[in-house]
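Let me begin by presenting the structure, written as structure tokens, before commenting on it.
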Amino acid sequence: HYLDELERKSRAIPFARPLKKTALPPSYQVFYRETQLRYGHGKELIRVLKLHRDYHASLVEQAVGQSVEQNLFTSDAVKQFLYQSLHPTINKPLPMQYEVVERIRVKPPALKDYNELLQKGGMYH
């Protein structure tokens, strides 16, 4: 419940007792500092910390580290790296292969009416 309140009041993050007592890993500190500089708030860090509710701490920390390495400072980027680590077969999509099953044939337009119009002086009513 504390994280939900901090997300709502993100300017209180530096003064939050649970975060003061806990030394965040270096990747989290870089992530927080960069989100402060870029967005002016720490909501992205709180959203990342909320991922710990559903995922193991080591997985989230690894995803934060990848996000920092790629200079992607959003919780969505962390979620994407987390998803890729949990689903390694989906990590890299297969190359696209295009097959042309049948050729598309376009019937050329009938220009007979247009040619007749031009021969009559080009007047159309």
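Residues: numbered from 1 along the sequence shown.
- Side-chain contact check for Glu44 and Ser75: at least one donor-acceptor pair (N or O, by modelled atom type) lies under 3.5 Å.
- Side chains of Leu24 and Phe31 form no contact here, defined as non-hydrogen atoms less than 4.5 Å apart.
- If you take OG1 on Thr74 and CZ on Arg47, they are separated by 9.5 Å, rounding to the nearest 0.5 Å.
- Two residues are said to be in side-chain contact when any heavy atoms from C-beta on lie closer than 4.5 Å; Glu61 and Tyr28 meet this criterion.
- Counting heavy atoms of neighbouring residues, nucleotides and ligands inside a 6.0 Å radius, atom NE2 of His56 does not exceed 12 of them.
- Shown are Leu72, Leu86, Val64; of these, the side chain to side chain contact (heavy atoms under 4.5 Å, CB included) with Phe81 is made only by Leu72.
- Side-chain contact check for Phe73 versus Val68: some heavy-atom pair is nearer than 4.5 Å.
- With rounding to the nearest 0.5 angstrom, the CG atom of Asp76 is 12.0 Å from the CG atom of Leu82.
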### Query
Between His41 and Thr35, does a side chain to side chain contact (heavy atoms under 4.5 Å, CB included) hold up when you go through it step by step?
CA-CA 7 Å; His41 59 74; Thr35 57; over 6 Å; no

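- Residue Asn71 holds its CG atom at 6.0 Å from CZ of Arg38, rounded to the nearest 0.5 Å.
- Taking each heavy atom of Leu59 and Ser85 in turn, the nearest pair found is CD2-OG, 4.2 Å.
- Taking CD from Gln84 and CD from Gln62, the interatomic distance works out to 11.0 Å, rounded to the nearest 0.5 Å.
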